[in-house]
Amino acid sequence: MKTKERIKNLLIIVLLCGAFYLTYATWYFDSPVSDLPLWQLIVNPGAYGTGGFLAGGNEGDHIYAIRPLAAAVKTDSGRFGAPYGNAITSIVYDKTSLLMAEALGSASNMKQADENEWKAALSKNGVFYDFRGDVLIDSLSGWLDTGRSLKLSETARYMHLCIDKDAGRVFLYFKSMNTGRIIRFDTALNVDNALSPLSGITGNGCGFAFELAGNFNLISPETLIVPDTQSPPTITGYNPIMQLTGEKLQSLFKTFRMNSYNIRKLNEKDGT
């Protein structure tokens, strides 16, 4: 009787192990991060699901996991874009994210580029993203839902789709803020297909700092500058107690059983 129970328990364990392996194998081959080791999945299973790793938990929301804080589109009619993540940046991203995903999904033949080639590419028609900090290119593959992983350890702050009409080619460039390294990929896009989503876009006077006359040594050459005065998001803070006077202040002291005659202001080193 004991032997039968042991055999039954052994079969249950084998079946459970088989079920676990099949679950992991299904996830492994469907995931854009398919090179993740099994032990990482075991240690932190919730962080590496299709939704968790790419989106923070909600499947279908991973396209919102990261957006460029500055973006621009360059066509024959001029460059349209803005810094600081305002409404124009959202318009550019919504209109071009699928195009960028298609380019990254077909990226191949990686080569290193120099600064001159990079600036020449930025001056041609295309799409430019600035994430304001280095991100993993493989993470971008997941966030843009390309359906593949390049299996790169490269990071980049800037992403630029260059539509080179003279060469009849479409290239994808990345530049790292941390290392200054610039890499270029070939893509499967043709010029006409890449220009099609950008049709109807006209320039708003946006330009890169390196293209403009003036002294911009204190900012990145890839900083987008527009003629209009920008209003970046700001946060204002103050001590509400310092706004109280007279009876309201005395009432507050009374609530906390404090003697107003013994209270003195404390001046910080910064003058507050």
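Only this structure's heavy atoms are used, side chains among them; waters, hydrogens and symmetry mates stay out. Note that the structure is a prediction, hence the values are computed from the model and not measured.
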Taken to the nearest 0.5 Å, the spacing of K74 NZ from N125 CG works out to 5.0 Å

List the steps, then state whether side-chain contact (heavy atoms from CB on, under 4.5 Å) holds for R157 with D130. CA-CA 6 Å; R157 168 178 172 172; D130 178 359; 2.8 Å; yes

Distance from F128 atom CZ to T96 atom OG1, nearest 0.5 Å? 12.0 Å

If I compare all heavy atoms of P68 with all of A71, which pair ends up nearest, and what's the gap? CG-CB, 4.3 Å

Please test L144 against M159 for side-chain contact (heavy atoms from CB on, under 4.5 Å), starting from the C-alpha separation and ending with a verdict. CA-CA 12 Å; L144 288 170; M159 179 181 186; 4.0 Å; yes

Minimum heavy-atom distance between V73 and V92, given as atom pair plus value: CG2-CG1, 3.6 Å

Does CD1 belonging to I219 count more than 12 external heavy atoms closer than 6.0 Å? yes

So L212 and I225, do their side chains get closer than 4.5 Å, heavy atoms only? yes

Partners meeting side-chain hydrogen bond (donor to acceptor under 3.5 Å, both in side chains) with R181 (sequence neighbours left out): Q112, E154

List the residues meeting side-chain hydrogen bond (donor to acceptor under 3.5 Å, both in side chains) with E115, not counting sequence neighbours, and say none if there are none. K175

Using 0.5 Å steps for rounding, measure from the CG atom of N109 to the OG1 atom of T187. 11.5 Å

Can you find a heavy atom in the side chain of L161 that is under 4.5 Å from one in the side chain of L99? yes

Go through H160 and V127 one step at a time and tell me if the side-chain contact (heavy atoms from CB on, under 4.5 Å) criterion holds. CA-CA 6 Å; H160 177 61; V127 182; 5.8 Å; no

Distance in Å, M177 CE paired with T179 OG1, rounded so as to fall on 0.5 Å steps: 10.0 Å

Taking every heavy atom of S123 against every heavy atom of R79, the minimum-distance pair comes out as CA-NH2, 4.2 Å

Tell me the salt bridge (Lys or Arg N to Asp or Glu O under 4.0 Å) pairs involving residues 194-206, sequence neighbours left out? none

Inter- and intrachain pairs under salt bridge (Lys or Arg N to Asp or Glu O under 4.0 Å), touching residues 186-195, at least two apart: R169-D186

How would you list all residue pairs meeting salt bridge (Lys or Arg N to Asp or Glu O under 4.0 Å) that involve residues 95-107, not counting sequence neighbours? none

With a 4.5 Å limit on heavy-atom distance, are the side chains of D94 and R67 in contact? yes

Indicate the atoms forming the closest heavy-atom contact of P83 with A70, along with that distance. CA-CB, 3.8 Å

Quick one: side-chain hydrogen bond (donor to acceptor under 3.5 Å, both in side chains) partners of K165, sequence neighbours excluded? D76

Please say yes or no: joined through hydrophobic side-chain contacts below 4.5 Å, possibly via intermediate residues, are M110 and L104 part of one cluster? yes

Which other residues belong to the hydrophobic cluster containing L98, where Ile, Leu, Val, Met, Phe, Trp and Tyr are joined when side-chain heavy atoms lie under 4.5 Å apart, directly or via other members? none

Hydrophobic clusters here meaning ILVMFWY residues chained together by side-chain heavy-atom distances under 4.5 Å, can you tell me if I88 and L198 are in one? yes

By side-chain hydrogen bond (donor to acceptor under 3.5 Å, both in side chains), which residues pair with S220, not counting sequence neighbours? Y158, E222

Between CG of L189 and CD1 of I163, what distance do you get to the nearest 0.5 Å? 8.5 Å

Is the terminal nitrogen or CZ of K119 (NZ for Lys, CZ for Arg) located under 6.0 angstrom from the six-membered ring centre of F210 and within 45° of that ring's axis? yes

Please give me the minimum heavy-atom distance between L136 and S153, naming the atom from each residue. CD2-O, 4.0 Å

Name all residues meeting the salt bridge (Lys or Arg N to Asp or Glu O under 4.0 Å) criterion together with K124; count only those two or more places apart in sequence or in a different chain, and write none if there are none. D164

Would a single hydrophobic cluster contain both W118 and I137, if residues Ile, Leu, Val, Met, Phe, Trp and Tyr are joined by side-chain heavy-atom contacts under 4.5 Å? no

Out of curiosity, does L195 fall in the hydrophobic cluster containing L172 (side-chain heavy atoms, cut-off under 4.5 Å, transitive links)? yes

Which distance, rounded to the nearest 0.5 Å, do you find between the OG1 of T89 and the CG of L224? 8.0 Å

So, K111 and E117, do they make that salt bridge, N to O below 4.0 Å? no

Run the side-chain donor-acceptor check on residues 200-209: report pairs under 3.5 Å with partners two or more places apart or on a different chain.
residue	atom	partner	partner atom	Å
N204	OD1	G81	N	3.2
N204	OD1	C206	N	3.3
N204	ND2	G81	O	2.9

When the ring centroid of Y129 is compared with that of Y93, is the distance short of 6.0 Å? yes

Quick check: does any side chain N or O of S196 sit under 3.5 Å from a backbone N or O of N193, one acting as donor and the other as acceptor? no

Can you name the residues that form a side-chain contact (heavy atoms from CB on, under 4.5 Å) with N178, not counting sequence neighbours? D134, S176

Taking side chain as C-beta onward, heavy atoms only, is L140 less than 4.5 Å from F131? yes

Is the Lys NZ or Arg CZ of R184 less than 6.0 Å from the centre of F171's six-membered ring, within 45° of the axis? yes

Establish whether M100 and F174 are linked, either directly or via other cluster members, by ILVMFWY side-chain heavy-atom contacts under 4.5 Å. yes

